[in-house]
There are 2 protein chains.
Amino acid sequence: MKPTTLTRKQEICITAARLFKQKGYSAVTMRDLAAEVGVKAASLYNHITSKEEILNEVILNIAESFTQGIQDIRLEDTKVAQKLEAVIAQHVHLTADNPYGMASLNNDWMHLGEGKEKYLSLRSTYEQHFREIIKEGKAQNVLKDIDEEVILFSTLGTLRNLYLWIPKKADLQRSKLIDSLCETLLNGVKTA
Amino acid sequence: MKPTTLTRKQEICITAARLFKQKGYSAVTMRDLAAEVGVKAASLYNHITSKEEILNEVILNIAESFTQGIQDIRLEDTKVAQKLEAVIAQHVHLTADNPYGMASLNNDWMHLGEGKEKYLSLRSTYEQHFREIIKEGKAQNVLKDIDEEVILFSTLGTLRNLYLWIPKKADLQRSKLIDSLCETLLNGVKTA
DNA sequence: ATGTAAAACTAACGATTGTTAGTTAATATT
DNA sequence: AATATTAACTAACAATCGTTAGTTTTACAT
C-alpha cells in the first residue's frame with residue numbers, strides 16, 4: 001500500500017466514477033473505461049475482478065464515510081443547531097471531495113449486486129441518525145413542529161443534489177457555501 | 001385520438017417510464033418492456049419507431065409542462081411570495097401525477113438523442129424564470145440577501161427529489177405536503 | 001546481465017442488445 | 001361476406017456486451 005501515489009485500481013475506480021456520472025453505470029462499457037484509462041479492456045481485469053466490483057468500491061466507500069460521519073456528529077456533545085450545521089458541512093465536504101462518487105451513489109446504487117444490502121443498510125442507518133437529530137431538535141423546541149419526514153427529505157433532497165452544481169461553482173468557497181446553505185436550509189430564504 | 005382510453009403507444013411509454021425509474025434507461029431492454037406490456041419485443045415497433053423515441057416522449061412532455069407552468073406563474077399578477085408558493089405547488093402536482101416521468105427526466109435526460117437540445121433549452125428556460133422570480137423577491141426585500149444560485153439550487157434540489165418519496169407518502173395529502181414544503185423551504189425549519 | 005512478477009497485449013467466447021423482415025391473426029370498413 | 005388495415009407473431013441480423021485464455025512486454029530485484 002502506497003498512500004502517497006495512486007494504485008492502478010484506484011485510478012480505474014476514479015475514472016469509472018467520472019464516466020458513471022456522465023452516462024450512468026449501465027451505459028459505460030468496459031471498453032469505454034479502458035480507453036479513458038489508456039489501456040485495453042482486458043487489461044482492466046489484472047486489477048479488478050468485475051465491473052460490479054468497481055461500482056461497489058465507488059459507492060460503498062463514500063456511503064460508509066457518510067454514515068460514520070453522521071454517527072460521530074450525533075454523539076457530539078453540542079447543541080442541536082450545531083449538529084445540523086455539521087451534517088450540512090459534512091455533505092459539502094464529502095461531495096466536493098468526490099462529486100463523481102456522489103453521483104454514482106445517488107443514481108446507480110440499484111445496480112449493486114452483492115453490496116446492495118450493505119448500501120441500503122448504510123443509507124437506512126444514515127437516515128435514522130438524521131431523524132434522531134431532528135427529533136431532538138423538535139423536543140428542545142429548536143425546530144418547528146413540521147412533519148419529521150418533510151424536514152428530513154427536504155434537507156436531504158438539497159444535500160443529495162450538491163454534486164450537480166458544486167463542480168460548476170468552484171469559485172464559491174466551501175466555507176461560504178456552507179454558511180449560505182445553513183442559513184437557507186435552517187432559517188429559510190424569506191425575510192423575517 | 002381517443003382521450004378517454006389509452007393509446008397503445010401511451011401505455012408503452014407509461015410502462016417504460018416505470019421501468020426507467022427502477023433500473024435506468026440503459027438497463028431496460030426492449031424485451032423487458034415488451035414482457036411488461038404483455039407482448040413480444042418486435043411488436044412494440046408497430047407503435048414506436050425506436051427506444052429513444054420513448055424516452056423523448058416521456059421526458060419532453062413533462063419538461064414542457066414545467067416550463068410552461070413556471071412561465072405562467074411568473075406572469076401572474078401576484079406577490080412574489082405567492083409565486084414561490086405556486087412554483088412549489090406545481091412541482092408537487094406534476095410530480096405526484098407522474099413520478100416515473102420525473103425520475104426519467106432527472107436521471108436519463110443525457111440519453112436523449114435528437115431531443116436533448118430541446119430538453120436542455122427547456123430546463124435552461126425554467127431555471128431562468130425561477131431566477132427572475134428570486135431576483136424580484138430580493139429586490140422587494142421579500143427574500144434575504146443570499147446568493148441567488150444557492151437559493152435556486154437549494155430549493156430546486158429538494159423539489160427535484162420529490163419523486164423519490166412522494167410515492168411512499170401517499171397518505172400525506174397534497175395540500176398538507178405543499179403547506180409543509182412552503183414553510184420548510186421559505187421560512188426554514190428552525191424556530192424564530 | 002538475468003530471472004521473476006506485474007501488467008500490458010491479441011483474440012475470441014457466448015450472451016444479449018436494438019432492430020428488421022416476413023408472416024399470421026385480429027379488427028374494422030365497405 | 002369480402003376486403004383492407006392494424007397489430008400481433010417467429011426468426012434472425014449485425015453489433016456490442018462483460019469476460020476469459022493465452023501470450024508478450026515492461027519493470028524491478030538479484
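In what follows, chains carry the letters A, B, and so on, assigned in the order in which the sequence lines appear, proteins first and then strands, with residues in each chain numbered from 1. Because only heavy atoms are used, hydrogens play no part in the values below, and waters and symmetry mates are left out as well, while side chains stay in.
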**Report entry** Sugar-phosphate, base or nothing in reach of B:V28, heavy atoms under 4.0 Å
**Finding:**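 Counting heavy atoms under 4.0 Å across all strands, the contact made by B:V28 is with sugar-phosphate only.
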
Report task. Would you please classify the geometry between the A:W165 ring and the B:F153 ring as parallel, tilted or perpendicular, with 30° and 60° separating the classes? Result ->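 The rings of B:F153 and A:W165 lie parallel, inter-plane angle below 30°.
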
**Report entry** Geometric class of the B:Y126/B:F66 ring pair [parallel <30°, tilted 30-60°, perpendicular >60°]
**Finding:**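 B:F66 vs B:Y126 ring planes: perpendicular.
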
Requested in this report: Please test A:W109 against A:L55 for side chain to side chain contact (heavy atoms under 4.5 Å, CB included), starting from the C-alpha separation and ending with a verdict.
Outcome: CA-CA 8 Å; A:W109 62 266; A:L55 192 64; over 6 Å; no

Query raised in the report: Which pair of non-hydrogen atoms, one from A:Q71 and one from A:H129, has the smallest distance, and what is that distance?
Result: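 Heavy atoms of A:Q71 and A:H129 come nearest at OE1-NE2, 3.6 Å.
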
Going by an N to O cut-off under 4.0 Å, is there a salt bridge joining [X] and [Y]?
| X | Y | answer |
| --- | --- | --- |
| A:D97 | A:R174 | yes |
| A:E53 | A:K9 | yes |
| B:K144 | A:E183 | yes |
| B:K83 | B:E136 | yes |

Rounding to an integer number of Å, can you tell me how far [X] [atom1] sits from [N] [atom2]?
| X | N | atom1 | atom2 | answer |
| --- | --- | --- | --- | --- |
| A:E11 | C:dA6 | CD | P | 19 Å |
| B:M30 | D:dT16 | CE | P | 18 Å |
| B:Q10 | D:dA7 | CD | P | 13 Å |
| B:L19 | C:dT17 | CG | P | 13 Å |
| A:D32 | D:dT19 | CG | P | 14 Å |
| A:I48 | C:dA6 | CD1 | P | 17 Å |
| B:L33 | D:dA8 | CG | P | 12 Å |
| A:Y45 | D:dA21 | OH | P | 13 Å |

All N/O contacts under 3.5 Å from nucleotides 7-9 of chain C to the protein, with atom names and distances to one decimal?
from, atom 1, to, atom 2, distance (Å)
C:dA8, OP1, A:R8, NE, 2.8
C:dA8, OP1, A:R8, NH2, 3.2
C:dA8, OP2, A:H47, NE2, 2.6
C:dA8, N7, A:N46, ND2, 2.6
C:dC9, OP2, A:K40, N, 2.5
C:dC9, OP2, A:S43, OG, 2.9

Query raised in the report: Does anything in residues 51-61 of chain B reach DNA chain D, meaning a heavy atom under 4.0 Å, and if so which residues?
Result: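 Residues of residues 51-61 of chain B under 4.0 Å from DNA chain D: none.
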
Report task. Could you tell me whether the side chains of A:T184 and B:S154 share a donor-acceptor contact shorter than 3.5 Å? Result ->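 Judged by distance alone, the side chains do not pair up.
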
